[in-house]
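Reading through the structure tokens given below for one structure.
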2 protein chains.
Amino acid sequence: MKSHQITIIDIANTLNLSKSTVSRALTGHPNVKVKTRERVLELAAELDYQRNQLAISLLTNRTQTIGIMVPEFLSSFFPKVIIGAQDVLAKAGYNVVICHSNESYETEIVNTKLLLASRVDGILVSHTKETRNFEHFKIFDRKGIPVVFFNRIVDEMSVSKVAVDDYEGAYQAVEHLIKTGKRRIAHLSGPDSLQNSRSRLNGYRDALTNHQIPIDPALIISYDLTLDKANIYVNHLLNLPQPPDALFAINDPTAIEALKVIKSRGLRIPEDIAIVGFSDDPISALIEPGLTTVSQPVDEIGREAARLLLNQLAADDERPEPELVVLPTRLIIRGSTVTGENPTGFADQTSLPSF
Amino acid sequence: MKSHQITIIDIANTLNLSKSTVSRALTGHPNVKVKTRERVLELAAELDYQRNQLAISLLTNRTQTIGIMVPEFLSSFFPKVIIGAQDVLAKAGYNVVICHSNESYETEIVNTKLLLASRVDGILVSHTKETRNFEHFKIFDRKGIPVVFFNRIVDEMSVSKVAVDDYEGAYQAVEHLIKTGKRRIAHLSGPDSLQNSRSRLNGYRDALTNHQIPIDPALIISYDLTLDKANIYVNHLLNLPQPPDALFAINDPTAIEALKVIKSRGLRIPEDIAIVGFSDDPISALIEPGLTTVSQPVDEIGREAARLLLNQLAADDERPEPELVVLPTRLIIRGSTVTGENPTGFADQTSLPSF
DNA sequence: CATGATTTTGGGAATGTTCCCAAAAATATA
DNA sequence: TATATTTTTGGGAACATTCCCAAAATCATG
């Protein structure tokens, strides 16, 4: 049961002033006597007065709130992106509402409605792996609420986007495997609905082709990113008449699952089969052998997405041109592809304490 | 630049109705002709009408929004708690705003103001390690906005709280070390400001005392949970004239940092020194050796905290009695304390895919 | 001390919605 | 057909704030 809220009228009445004067005193308007302002601020502090942002938002039609929608946040990736974005947005005076869709298209739509109802000024989005229809995001666009996609981006919408160079990252990962002498390189790919999944697959293909290695469709498997499936597919690959001598996985959790399966079969990594992941999850530096992986500037993805959104919000005339930012990736080489590299698997750990 | 928002008045004008009737049609009030309701709903859908939650909140003085404040969310702990809480709250029709204080007291106070200004109906809080003064939380209490503490709880406030049995968890962890024959058991503890840090220390002490092992103050170190400090203190302990033969760490990141230092010194785990952590981070099952740790029902902490908050919100008469829920912990035994246990370090992995 | 200029204050509209009460329309009853 | 009853609709107040314009108070200048 909430008690009566303190309003500017309460303050006005106690001090025998009008609400207008109190409002001016609180917002720092110059036209108010110093003495009066002091009296108002003093009483406001004493009563724990908090201006009602709802009323102001209703009046100004701006909530100073940005919605961030992510498909999950159990892995470290999205929390880090959010932290980066939040930092930039907070400095610009915006609050942040975080929604996670749990990789469910239905939940994503519900979140969409929610953000629309709470009248956010803009949204940052990484859609779910199930999302193939983007009508629910176009509503924002039609209402003039800026949308910025990050990480999982949408070709069919003309809005600002932040991605990493998935193609190049994948290309270099596969080229690295080729240089270590591997020839039968498998790829555990993600669902076709994800743009970055498609780009990484292209990078994989082109690296092989450019090194005169034929592409064997039996070595390419797209899956839905649920780890029990990964387990099945890795086993399947190992059971092939001509099993692969290397595996490029769509992401680190997949690579780690593969590593687990391969170790339990008593195969040697990287001699029998080498593994490369994608995204440099903190875990990847800690396991044995350390996982070679394509790192991405996670924090910077969030910061950049926030900046693009602020660009859209700042323009008070017509809508500014959408921008596309592609951030570079970097190959981190560890024991899963090269012997003697990071033998303990411990390197550049940066995770924080938890309780 | 946001375009004109569609309001019920727009709908009312186009259909030659009053705003009252449109409002009734949209909210499902029975007293409206079926034909009229259909016309209204149809036009509303066509115009992408979204009711303005701000206006409603202003009127009802309830925002249907809950604030969750956590000290960090880079480790997996708090994201999991948030997911649990969010699930329960969403089912009860509440939205969630997440704030992370980045372990900074200052930021926590800013977040407090922010949640107060956005008029949340209640808050779930885990305070920072720096927080020793809780006045900023008492403001909520005074305004009749329910507060529930979880994980890091506050003795001096009479509100609902959710904790795990830190004392018992620590006791069992240390007892386990004693049973494996260890006698010089060190404890890397957290800051005294955290209630769970104190409880774990008590569990450690009592386990030693009850097994007639004298407590050596040189083996107890409280630190601020920043990993570089952990590194220094572990080295310090190993350099003692009589180094410990086991280490009970306040949390898993600390334990993993210790493991790293100990391995790099060429000591055997657990023969030369055994390690136990706290909270069963997903990483703990993946490293080598697997980390023995005290697991807590992370998801359930969030769900339970949400339930306690709903209890407070549901009561429409006077304020209900605060509740205290203490959830059980469970010792997970792995290779860092027992040889031959989980030799690969891979066990019960449940982390999700990331990009 | 009067006049004009400037500073300070007050009143009302506006924001989008719900809810209460009254009015109008439709329906039932005599 | 007139009256009573029920259903459906409309008009205003209320929520907390800001902003514009006018009114009041203060100040400076001759």
Side-chain angles (χ1 to χ4, degrees), chain A residues 2-41 43-44 47-65 116-121 143 145, chain B residues 2-41 43-44 47-65 93 116-121 143-145:
Chain A
K2 281 203 225 175
S3 54
H4 167 74
Q5 342 183 28
I6 311 290
T7 73
I8 51 170
I9 299 188
D10 295 321
I11 297 179
N13 289 343
T14 1
L15 298 177
N16 269 321
L17 290 167
S18 72
K19 58 178 169 35
S20 313
T21 307
V22 175
S23 170
R24 272 187 293 262
L26 290 169
T27 51
H29 195 282
N31 280 5
V32 54
K33 205 158 61 177
V34 180
K35 181 80 186 165
T36 312
R37 165 171 300 124
E38 280 171 2
R39 286 201 299 154
V40 170
L41 292 182
L43 184 60
L47 298 176
D48 275 332
Y49 167 81
Q50 295 285 340
R51 64 210 296 239
N52 193 331
Q53 186 58 48
L54 295 170
I56 300 172
S57 294
L58 184 60
L59 208 54
T60 60
N61 198 21
R62 318 179 101 260
T63 54
Q64 300 293 349
T65 301
L116 233 26
S118 53
R119 291 294 199 276
V120 290
D121 291 342
K143 285 185 184 283
I145 301 170
Chain B
K2 282 202 227 176
S3 53
H4 168 75
Q5 347 182 23
I6 312 289
T7 72
I8 51 171
I9 300 190
D10 295 321
I11 297 179
N13 289 343
T14 2
L15 298 178
N16 270 322
L17 290 168
S18 72
K19 56 177 170 37
S20 312
T21 307
V22 175
S23 170
R24 272 187 293 259
L26 290 168
T27 50
H29 195 281
N31 280 6
V32 54
K33 205 157 63 177
V34 179
K35 179 81 184 163
T36 311
R37 167 172 295 126
E38 280 171 1
R39 287 200 301 154
V40 170
L41 292 181
L43 185 59
L47 297 177
D48 276 334
Y49 167 81
Q50 294 285 340
R51 63 213 297 239
N52 193 331
Q53 186 59 47
L54 295 170
I56 300 171
S57 295
L58 186 59
L59 208 54
T60 59
N61 198 21
R62 319 180 100 259
T63 54
Q64 299 293 347
T65 301
L116 234 25
S118 52
R119 291 296 199 274
V120 291
D121 290 342
K143 285 184 184 286
I145 301 170

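Because only heavy atoms are used, hydrogens play no part in the values below, and waters and symmetry mates are left out as well, while side chains stay in. Because the structure is a prediction, the values reported are computed rather than measured. Numbered from 1 within each chain, the chains take letters A, B, ... in sequence-line order.
- Q50(A) has its CD atom 15 Å from the C1' atom of dT17(D), to the nearest Å.
- With dA16(D), dT18(D), dT9(D) as the choices, the nucleotide that has an atom nearest any side-chain atom of Q5(A) turns out to be dA16(D).
- Nucleotide dA24(D) holds its P atom 17 Å from the NZ atom of K33(A), rounded to whole Å.
- Using a 4.0 Å heavy-atom distance criterion, L17(B) is classed as a sugar-phosphate-only contact.
- No side-chain heavy atom of N52(A) sits less than 4.5 Å from a side-chain heavy atom of T7(A).
- The distance between atom CG of L59(B) and atom P of dA16(D), rounded to the nearest whole Å, is 10 Å.
- An OP1 or OP2 oxygen of dG16(C) is reached within less than 4.0 angstrom by no side-chain nitrogen or oxygen of Y49(B).
- Counting heavy atoms from C-beta outward, V40(A) and I11(A) have side chains that approach closer than 4.5 Å.
- Side-chain atoms of R37(B) come within 3.5 Å of backbone N or O of H29(B) as a donor-acceptor pair.
- A side chain to side chain contact (heavy atoms under 4.5 Å, CB included) with L54(A) holds for exactly one of L59(B), N61(B), I56(B), L54(B); it is L54(B).
- For R37(A), no side-chain nitrogen or oxygen approaches OP1 or OP2 of dT8(C) to under 4.0 Å.
- Heavy atoms of S57(B) sit nowhere under 4.0 angstrom from any nucleic acid atom.
- For R24(B), no side-chain nitrogen or oxygen approaches OP1 or OP2 of dG10(D) to under 4.0 Å.
- Note: CZ (R62(A)) to P (dA14(C)) measures 22 Å, nearest angstrom.
- As rounded to whole Å, 8 Å separates atom P of dC15(D) from atom CD1 of I9(A).
- Atom P of nucleotide dT17(C) and atom NE2 of H29(B) are separated by 17 Å, given to the nearest angstrom.
- Across all strands shown, T60(B) has no heavy atoms under 4.0 Å from either base or sugar-phosphate atoms.
- L26(A) has its CG atom 17 Å from the P atom of dT8(C), to the nearest Å.
- Each of K19(B) and R51(A) lies near DNA chain D, and the nucleotide nearest K19(B) is the one positioned closer to the 5' end.
- Among the nucleotides dT15(C), dT8(D), dT17(C), the one closest to the side chain of N31(B) is dT8(D).
- Taking side-chain N and O atoms only, S23(B) has no distance below 4.0 Å to OP1 or OP2 of dT17(C).
- Looking at heavy-atom distances under 4.0 Å, N16(B) makes contact with sugar-phosphate atoms alone, never a base.
- For I56(A), whose side chain is taken as the heavy atoms from C-beta onward, the closest listed nucleotide among dG12(D), dT9(C), dT18(D) is dT18(D).
- Relative to the side chain of A55(A), the nucleotides dA13(D), dG16(C), dA16(D) differ in distance, and dA16(D) lies closest.
- Side-chain nitrogen and oxygen atoms of S20(B) include none within less than 4.0 Å of the OP1 or OP2 phosphate oxygen of dG11(D).
- Distances shorter than 4.0 Å separate some side-chain N or O of S18(A) from OP1 or OP2 on dG10(C).
- Rounded to a whole Å, the CG atom of L54(B) is 9 Å from the C1' atom of dG16(C).
- Nucleic acid contact for T36(B): sugar-phosphate only, since backbone atoms but no base atoms lie under 4.0 Å from a heavy atom of the residue.
- Contact check, T21(B) against dG10(D): a side-chain N or O comes under 4.0 Å of OP1 or OP2.
- The side chain to side chain contact (heavy atoms under 4.5 Å, CB included) test with V22(B) is passed by exactly one of D10(B), T36(B), I8(B), T27(B): I8(B).
- Residues L26(B) and Y49(B) have side chains in contact (heavy-atom distance under 4.5 Å, counting atoms from C-beta outward).
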